[in-house]
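Worksheet: one structure, shown below.
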Amino acid sequence: VQLQASGGGLVQPGGSLRLSCAASGLSLDYYTIGWFRQAPGKEREAVSCISGINGGTYYTNSVKGRSTISRDNAKNTVYLQMNSLKPEDTAVYFCAAAPDLYLEDNYVPDEREYYYWGQGTLVTVSS
């Protein structure tokens, strides 16, 4: 199993980026893909997740209304569209896969559920 994250870069505040997580060796139909981020000096946190089982989604409060997670099963890829970016969004973003995970409305991500992790992609929001 491999997860390849891409799409990071330098963007000005208020700008947009679309992160991609290309999966190989697994089918998105049976996995939840989560985006996590780690800013310098901070703990890693969950940003957004999407379930291949029931289509449920999760967004952390700080990105709600500014981000959209989606998946293209034909390409086995999950996308995270991030708009109105802020300096506090600066971090290394990782994607990870959790098997057989339903996302209900009260879902709280637990990194221990995510068995497979990709390398990170750096997002820098700065003027």
Side-chain angles (χ1 to χ4, degrees):
V1 174
Q2 285 192 329
L3 301 173
Q4 182 75 36
S6 61
L10 174 63
V11 62
Q12 292 187 342
S16 298
L17 280 177
R18 188 178 77 160
L19 305 182
S20 299
C21 178
S24 59
L26 62 80
S27 170
L28 293 184
D29 288 340
Y30 306 109
Y31 282 80
T32 287
I33 301 296
W35 283 99
F36 297 79
R37 68 185 178 189
Q38 187 164 24
K42 294 188 177 181
E43 292 188 355
R44 190 162 58 191
E45 65 170 343
V47 179
S48 183
C49 309
I50 186 167
S51 172
I53 307 297
N54 69 336
T57 58
Y58 165 86
Y59 297 93
T60 192
N61 285 338
S62 62
V63 306
K64 277 182 183 176
R66 302 190 291 123
S67 298
T68 303
I69 193 168
S70 62
R71 68 178 192 262
D72 184 335
N73 284 9
K75 295 183 178 180
N76 229 31
T77 299
V78 169
Y79 303 99
L80 181 65
Q81 177 70 41
M82 302 184 69
N83 303 320
S84 302
L85 284 161
K86 305 175 182 180
E88 50 264 43
D89 293 317
T90 295
V92 177
Y93 284 71
F94 303 88
C95 60
D100 301 324
L101 188 59
Y102 285 79
L103 299 193
E104 305 294 348
D105 288 345
N106 60 350
Y107 173 68
V108 177
D110 183 343
E111 289 192 12
R112 294 171 296 180
E113 299 171 314
Y114 291 81
Y115 291 2
Y116 305 107
W117 290 78
Q119 90 297 349
T121 185
L122 177 62
V123 173
T124 304
V125 184
S126 175
S127 54

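The disulfide bond (SG atoms under 2.5 Å apart) search around Cys21 returns Cys95, not counting sequence neighbours. Residues that satisfy the side-chain contact (heavy atoms from CB on, under 4.5 Å) test with Val123, not counting sequence neighbours, are Leu17, Leu19, Tyr93, Val125. Judged as a ring-ring contact (aromatic ring centres under 6.0 Å, His included), and not counting sequence neighbours, the contacts of Tyr114 are Phe36. By the side-chain hydrogen bond (donor to acceptor under 3.5 Å, both in side chains) test, Lys64 is found to be paired with Asn61, residues two or more places apart in sequence or in another chain being considered. Considering only residues two or more places apart in sequence or on other chains, Glu111 meets the salt bridge (charged side-chain N to carboxylate O under 4.0 Å, His left out) condition with Arg44.
Side chain of Asn76 to main chain of Leu26: a donor-acceptor pair is present (N/O by atom type, distance under 3.5 Å, no hydrogens or angles). A distance-only check finds a donor-acceptor pair linking the side chain of Gln119 to the backbone of Ala5 [under 3.5 Å]. Judged by distance alone, the side chain of Arg71 and the main-chain N or O of Thr32 form no donor-acceptor pair under 3.5 Å.
Atom-to-atom distance recorded for Leu3:CG and Tyr116:OH is 9.5 Å, nearest 0.5 angstrom. Of the inter-residue distances, the one linking Thr121 atom OG1 with Arg37 atom CZ reads 14.0 Å to the nearest 0.5 angstrom. Note that CG of Leu85 and OG1 of Thr90 are 8.5 Å apart. Values are rounded to the nearest 0.5 Å. Here the OG-CG distance, from Ser126 to Asp89, works out to 12.5 Å after rounding to the nearest 0.5 Å. Taken to the nearest 0.5 Å, the CH2 atom of Trp35 stands 9.5 Å off from the CE atom of Met82.
Contacts classified as side-chain hydrogen bond (donor to acceptor under 3.5 Å, both in side chains) and involving residues 77-86 (residues at least two apart or in different chains) are given here: Ser16-Asn83, Gln81-Asn83.
In this structure, Phe94 and Trp117 have perpendicular ring planes: the angle between them is above 60°, well past the 30° mark.
In this structure, Tyr59 and Thr68 have side chains that are in contact, with non-hydrogen atoms separated by less than 4.5 Å. Between Cys49 and Leu103 the shortest side-chain heavy-atom distance falls below 4.5 Å. Put simply, the side chain of Val1 does not reach to within 4.5 Å of the side chain of Tyr115, judged on heavy atoms.
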Next on the checklist: With side chain to side chain contact (heavy atoms under 4.5 Å, CB included) as the criterion, how do Leu101 and Ile53 come out once you've worked through the C-alpha distance, each side chain's angles and the decisive distance to 0.1 Å?
Outcome noted: CA-CA 7 Å; Leu101 188 59; Ile53 307 297; 5.7 Å; no
Next on the checklist: Could you go through Leu80 and Ser67, starting from their C-alpha distance and side-chain angles, then the distance that decides it, and tell me whether this counts as side chain to side chain contact (heavy atoms under 4.5 Å, CB included)?
Outcome noted: CA-CA 7 Å; Leu80 181 65; Ser67 298; 4.2 Å; yes
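Tyr58 and Ile33 are not part of a single hydrophobic cluster, where members link through side-chain heavy atoms under 4.5 Å apart. Note: the hydrophobic cluster containing Leu28 also contains Tyr30 (ILVMFWY, side chain heavy atoms under 4.5 Å, direct or indirect links). Linking Ile, Leu, Val, Met, Phe, Trp and Tyr whenever their side-chain heavy atoms come within less than 4.5 Å leaves Val11 and Leu122 in two separate clusters.
At most 12 heavy atoms of other shown residues, nucleotides or ligands fall within 6.0 angstrom of atom CG in Asp105.
Between Pro13 and Ser127, the shortest heavy-atom contact is CD-N, 3.7 Å.
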